[in-house]
Amino acid sequence: MYQYHQLTPEQKAELIQQRKLNGYPLHSPPHPVTDGEYYLLTAACYQHKNRINSERRQQLLNQLFEVLINEGIEIMTWVVLPNHYHLLTAKLDFKWLSKTLRLIHGKLARQWNLEDRQEGKVWHSFTDRAIRSERHYYTTINYIHYNPVKHKLVESPYDWLESSVHWYLEQKGREWLRSCWVEYPIKDYGKGWDDL
């Protein structure tokens, strides 16, 4: 995500030229697939700084659920970590979503900067990934639930509070979660999906 800062001026110019040729915005994430049924959304704190403590994680979830659900957008799976979050959602209007996330993130950034007596950017722009298949969908559920373990925050997905794994456990049961994990492992998650 922050590889751009590591590039030479020539590499940056080449990258911007490629974005122009592909019709992508120059300095924000492209949304190449806008007619998918489901999307993985990811938003990260600027430079992956840990700005989202447990109270803020719940506050962020409340804001996201309130706004997205009021617009009729179903959130299928979620996790909020100290420096980023993932949502698996149903179909989206990206112009509306971009504006809405800017408003949510902006309000929270102001509040958190005041609380922390800091100034500056809190959020990096969000990214999206269209879900390509049933396998991609269920593997994404597992990826989201496993994210706190991947980042060495807990030893089990069930130990992380700000995650939909608890909703799935209550609604579908441990056996469903276990069989989903076995059938759709996250090994090599994402490799080759953009080649389809």
**Message:** side chain to side chain contact (heavy atoms under 4.5 Å, CB included) for Val122 and His105? Distances and angles first, verdict last.
**Reply:** CA-CA 8 Å; Val122 172; His105 290 171; over 6 Å; no
| message | As a quick check of understanding, evaluate side chain to side chain contact (heavy atoms under 4.5 Å, CB included) for Arg174 and Leu169, giving each step before the final call. | response | CA-CA 5 Å; Arg174 190 175 293 270; Leu169 183 62; 3.7 Å; yes
Pairing donors with acceptors under 3.5 angstrom, does anything connect the side chains of His145 and Ser164?
yes
For the residue pair His124 and His48, is the inter-centroid distance of their aromatic rings smaller than 6.0 Å? no
task = Apply side chain to side chain contact (heavy atoms under 4.5 Å, CB included) to the pair Val67 and Ile104, showing each step before the final yes or no.
result = CA-CA 9 Å; Val67 172; Ile104 292 171; 4.0 Å; yes
Next item on the list: Would you indicate whether the side-chain heavy atoms of Tyr137 and Arg132 approach each other to under 4.5 Å?
Entry: no
- Task: Using atom types as modelled and distance alone, determine if a side-chain donor or acceptor of Arg57 lies under 3.5 Å from a backbone N or O of Ile52.
- Result: yes
Cationic N near anionic O, under 4.0 Å, Arg56 to Glu115: yes
TODO: Tell me whether Leu161 is reachable from Tyr168 by hopping between hydrophobic residues (I, L, V, M, F, W, Y) whose side-chain heavy atoms are closer than 4.5 Å.
DONE: no
Less than 4.5 Å apart, any side-chain heavy atom of Leu68 and any of Leu97? yes
Across all chains, not counting sequence neighbours, the salt bridge (Lys or Arg N to Asp or Glu O under 4.0 Å) partners of Arg51 are Asp116
inquiry  = Please check this pair: side chain of Asn147 against backbone of Val79, looking for a donor-acceptor N/O pair closer than 3.5 Å.
reply    = no
- prompt: For His151 and Asn83, does a side-chain donor sit closer than 3.5 Å to a side-chain acceptor?
  reply: no
Polar side-chain atom of His166 near backbone of Trp160 as donor-acceptor pair, under 3.5 Å:
yes
- With side-chain hydrogen bond (donor to acceptor under 3.5 Å, both in side chains) as the test, would you mind laying out the steps for Asn70 and Glu66 before giving the verdict? CA-CA 6 Å; Asn70 280 343; Glu66 180 182 328; 4.7 Å; no
Flag the pair Tyr184 / His136 as yes when their ring centroid distance falls below 6.0 Å, and as no otherwise. no
- Stepwise ring pair (Phe, Tyr, Trp, His ring centres under 6.0 Å) check, Tyr85 with Trp78: CA-CA 7 Å; Tyr85 66 86; Trp78 66 90; over 10 Å; no
- request: May I have the step-by-step check of side chain to side chain contact (heavy atoms under 4.5 Å, CB included) for Val149 and Val154, ending in yes or no?
  value: CA-CA 5 Å; Val149 177; Val154 290; 4.1 Å; yes
Value for CG (Leu81) from CG (Asn50), rounded to nearest 0.5 Å, stands at 9.5 Å
ask   = Looking only at atom types and distance, does a side-chain atom of Arg135 sit under 3.5 Å from a main-chain N or O of Glu183, one as donor and one as acceptor?
value = yes
query: Shared ILVMFWY cluster between Ile73 and Leu103, side chains joined below 4.5 angstrom?
result: no
* Between Tyr146 and Trp181, how do the two ring planes meet: parallel, tilted or perpendicular, split at 30° and 60°? -> tilted
*In terms of ring plane angle, is the pair Trp123 and Trp112 parallel, tilted or perpendicular, where the classes change at 30° and 60°?*
tilted
